[in-house]
J.: 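Here's a structure for you.
If you're wondering where the values come from, they're calculated on a predicted model, not measured in any experiment.
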Amino acid sequence: APPGGVESALSCFSFNQDCTSLAIGTKAGYKLFSLSSVEQLDQVHGSNEIPDVYIVERLFSSSLVVVVSHTKPRQMNVYHFKKGTEICNYSYSSNILSIRLNRQRLLVCLEESIYIHNIKDMKLLKTLLDIPANPTGLCALSINHSNSYLAYPGSLTSGEIVLYDGNSLKTVCTIAAHEGTLAAITFNASGSKLASASEKGTVIRVFSVPDGQKLYEFRRGMKRYVTISSLVFSMDSQFLCASSNTETVHIFKLEQVTNSRPEEPSTWSGYMGKMFMAATNYLPTQVSDMMHQDRAFATARLNFSGQRNICTLSTIQKLPRLLVASSSGHLYMYNLDPQDGGECVLIKTHSLLGSGTTEENKENDLRPSLPQSYAATVARPSASSASTVPGYSEDGGALRGEVIPEHEFATGPVCLDDENEFPPIILCRGNQKGKTKQS
């Protein structure tokens, strides 16, 4: 527990890529929740097979979940939780600090290296070894698999960001984002914007991708330095949300960038406003920048401070909501007024440690039988064949050593939004101390 703080009930928590699910890790195991309702928090899955979980990431709304435990901090385990089977596991040369994934790539971040895997077969594509020490495992991956941009700190002492193309496996550019060390970085849903905050936590900047030009600059506060715990765009990229170790969550609105400003009204206050903005040209740079930084569009007041927390902006029951999960084991839901902003209203608090409503069995009972797919056809064993290896797909995946041909995906991008479509994968056991090893 932090000095003077509350002991953490959760060891980790994360929202999935499209903010429709919440994953939590505890001393006992991990749980997955669906975020489709305000009044009811549905537990989709829970497992106590792996204790002391400190990383758990779900791939969109699929059955693919990646878990890392303190009992084996150098091993990544990939599971198909609907089948209760392990797809594969990989071991690395040092402790795993963070994992990011989209429909194309899976990243494993260690303190001094980043491993980039192809998520279809878990083949190791690239190892980034020449990166500065990254003790917190700070990195971000665009959820848009058509670009799969990766961002990570380029310096241990300054706020430099390295932008890397996870598809072409090449460095795109470096961005001098802040003077101080980075504390948070995140992409918007399309991968066209990148937001960042430094350890001071007073200024948040947004850059265009891939050219790295500064688009927006927001001021979170001036009175005190804070630790930014999460930074996230809304799915439509109209808002940017930041939470910290304080009791206030800030939401910024990304107004349309224009080259010219409308004329001020011919009033005394309008005239004085123009004179004031003109005077900033003669002020010191730091003061001038402060005058031009936008303030929060909306805020939410938490009933705690000093606890680890993450936030996200999601649409639930057709209305915009602010969600905040805390290490104490609670999920707070707020209403957000997208027109007028102001103070967000707390509408519901859920406990993440109670039994909750389990939807797993009900989903299995109500799921209709599915037609046989191409994956099921090529994977169908003969009478004398061994049983199939459980993979991503609900039909059991491909046989050991087989991969579904690429032309199966030629009609469009791989879709993982529902429980019925998954890319193939070989059952694998990996060791990333040297070359990739698979059984």
Side-chain angles (χ1 to χ4, degrees), residues 15 18-20 35 38 183-190 192-197 200-208 214-224 226-258 260-262 264-265 267 269-270 273 276-277 280 289-305 309-326 330-349:
F15 294 103
D18 56 3
C19 309
T20 59
L35 302 175
V38 171
I185 47 178
T186 187
F187 288 99
N188 67 338
S190 64
S192 61
K193 294 182 178 67
L194 175 68
S196 65
K200 290 182 179 180
T202 54
V203 176
I204 296 170
R205 296 188 173 101
V206 179
F207 302 90
S208 61
K214 186 172 71 175
L215 299 177
Y216 305 92
E217 187 167 272
F218 302 107
R219 176 158 290 275
R220 195 212 56 82
M222 293 184 292
K223 294 181 180 179
R224 53 180 171 171
V226 301
T227 301
I228 300 293
S229 56
S230 68
L231 191 63
V232 62
F233 286 93
S234 61
M235 291 301 294
D236 59 8
S237 301
Q238 292 187 14
F239 300 96
L240 178 65
C241 181
S243 66
S244 65
N245 59 338
T246 70
E247 66 282 355
T248 305
V249 178
H250 294 78
I251 301 172
F252 305 95
K253 190 171 185 178
L254 280 66
E255 303 284 359
Q256 187 68 32
V257 178
T258 57
S260 59
R261 295 189 176 187
E264 295 287 347
T267 62
S269 59
F276 180 77
M277 294 306 297
T280 59
D289 289 345
M290 190 181 302
M291 297 303 179
H292 287 89
Q293 290 162 350
D294 292 328
R295 300 302 195 270
F297 169 76
T299 58
R301 185 71 60 176
L302 306 176
N303 60 3
F304 61 86
S305 63
N309 62 79
I310 57 172
C311 63
T312 194
L313 296 166
S314 181
T315 300
I316 300 178
Q317 295 172 323
K318 299 182 179 181
L319 292 174
R321 318 284 188 183
L322 166 66
L323 309 182
V324 181
S326 75
H330 294 89
L331 176 66
Y332 304 89
M333 294 186 173
Y334 295 80
N335 270 340
L336 169 64
D337 186 339
Q339 301 298 325
D340 299 327
E343 185 79 16
C344 297
V345 179
L346 178 65
I347 54 175
K348 192 70 177 180
T349 301

J.: I want to check something: taking the side chain as every heavy atom from C-beta on, are Val203 and Arg219 in contact at a cut-off of under 4.5 Å?
T.: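 Answer yes - side chains close enough.
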
J.: Without swapping roles, check the side chain of Tyr334 against the backbone of Arg301 for a donor-acceptor pair under 3.5 Å.
T.: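 Yes, the answer is positive, given that a donor and an acceptor are paired below the 3.5 Å cut-off.
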
J.: Residues in side-chain contact (heavy atoms from CB on, under 4.5 Å) with Ser237, at least two apart?
T.: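 side-chain contact (heavy atoms from CB on, under 4.5 Å) list for Ser237, sorted by chain: Asn188.
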
J.: Starting at CD1 of Ile185, measure out to CZ of Phe207 and round the result to the nearest 0.5 Å.
T.: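 Taking CD1 in Ile185 and CZ in Phe207, the distance rounds to 11.5 Å.
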
J.: Apply side chain to side chain donor-acceptor pair (under 3.5 Å) to Thr186 and list each qualifying residue two or more places apart in sequence or on a separate chain.
T.: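 None.
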
J.: State, yes or no, whether a side-chain contact exists between Leu322 and Leu313 at a heavy-atom distance under 4.5 Å.
T.: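 Contact flag for Leu322/Leu313 side chains = yes.
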
J.: Do Arg321 and Ile347 have side-chain heavy atoms sitting under 4.5 Å apart?
T.: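 Sidechains of Ile347 and Arg321: in contact.
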
J.: Drop me the distance from Gln238's CD to Phe233's CZ, to the nearest 0.5 angstrom.
T.: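 Between Gln238 CD and Phe233 CZ, I get 12.5 Å after rounding to 0.5 Å.
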
J.: Can you check whether Thr299 reaches Glu343 side chain to side chain, under 4.5 Å on heavy atoms?
T.: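 SC-SC contact between Thr299 and Glu343 confirmed.
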
J.: Quick one: does Ile228's side chain get under 4.5 Å of Arg220's, heavy atoms only?
T.: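 Side-chain contact under 4.5 Å: yes.
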
J.: Might you point out which heavy atoms bring Leu336 and Pro338 nearest each other, and give the distance in Å?
T.: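 Nearest pair, atom of Leu336 first, then Pro338: O-CD, 3.1 Å.
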
J.: Per the ring-ring contact (aromatic ring centres under 6.0 Å, His included) rule, which among Phe218, Tyr216, Phe239 passes with Phe297?
T.: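 With Phe297 as partner, ring-ring contact (aromatic ring centres under 6.0 Å, His included) holds for just one option, Phe239.
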
J.: Would you say Val232 and Cys311 make side-chain contact, with heavy atoms under 4.5 Å?
T.: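 Val232 vs Cys311: side chains touch.
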
J.: Considering the options Ser326, Ser230, Ser243, which one meets the side-chain hydrogen bond (donor to acceptor under 3.5 Å, both in side chains) requirement together with Asn309?
T.: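 Exactly one candidate clears the test, Ser243.
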
J.: Distance from Asp18 atom CG to Thr315 atom OG1, nearest 0.5 Å?
T.: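 The CG atom of Asp18 sits 11.0 Å away from the OG1 atom of Thr315.
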
J.: For the CG atom of Asn245 and the OG atom of Ser305, what is their distance to the nearest 0.5 Å?
T.: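 Asn245 CG to Ser305 OG: 8.0 Å, rounded to 0.5 Å.
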
J.: Can you tell me if Ser190 and Ser192 form a side-chain donor-acceptor pair at under 3.5 Å?
T.: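 A donor-acceptor contact under 3.5 Å links the two side chains.
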
J.: Taking the side chain as C-beta and beyond, is there a heavy-atom pair between Tyr332 and Asn303 under 4.5 Å?
T.: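 Answer yes - side chains close enough.
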
J.: Heavy atoms only: give me the nearest Leu346-Met333 pair and the separation to one decimal.
T.: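 Of all heavy-atom pairs spanning Leu346 and Met333, the closest is CD1-O, 3.3 Å.
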
J.: If I take atom NZ from residue Lys253 and atom CD from residue Gln339, how far apart are they, to the nearest 0.5 angstrom?
T.: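 One finds 6.0 Å between NZ of Lys253 and CD of Gln339.
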
J.: May I ask you to test the Lys193-Leu240 pair for a side-chain heavy-atom distance under 4.5 Å?
T.: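 Result no, sub-4.5 Å side-chain heavy-atom pair not found.
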
J.: Are Thr246 and Ser244 close enough that a side-chain donor and a side-chain acceptor fall under 3.5 Å?
T.: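 There is such a pair (donor and acceptor under 3.5 Å, judged by atom type) between the side chains of Thr246 and Ser244.
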
J.: Measure the spacing between OG of Ser314 and CG of Leu35 and express it to the nearest 0.5 Å.
T.: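 Spacing of OG (Ser314) from CG (Leu35) equals 6.5 Å.
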
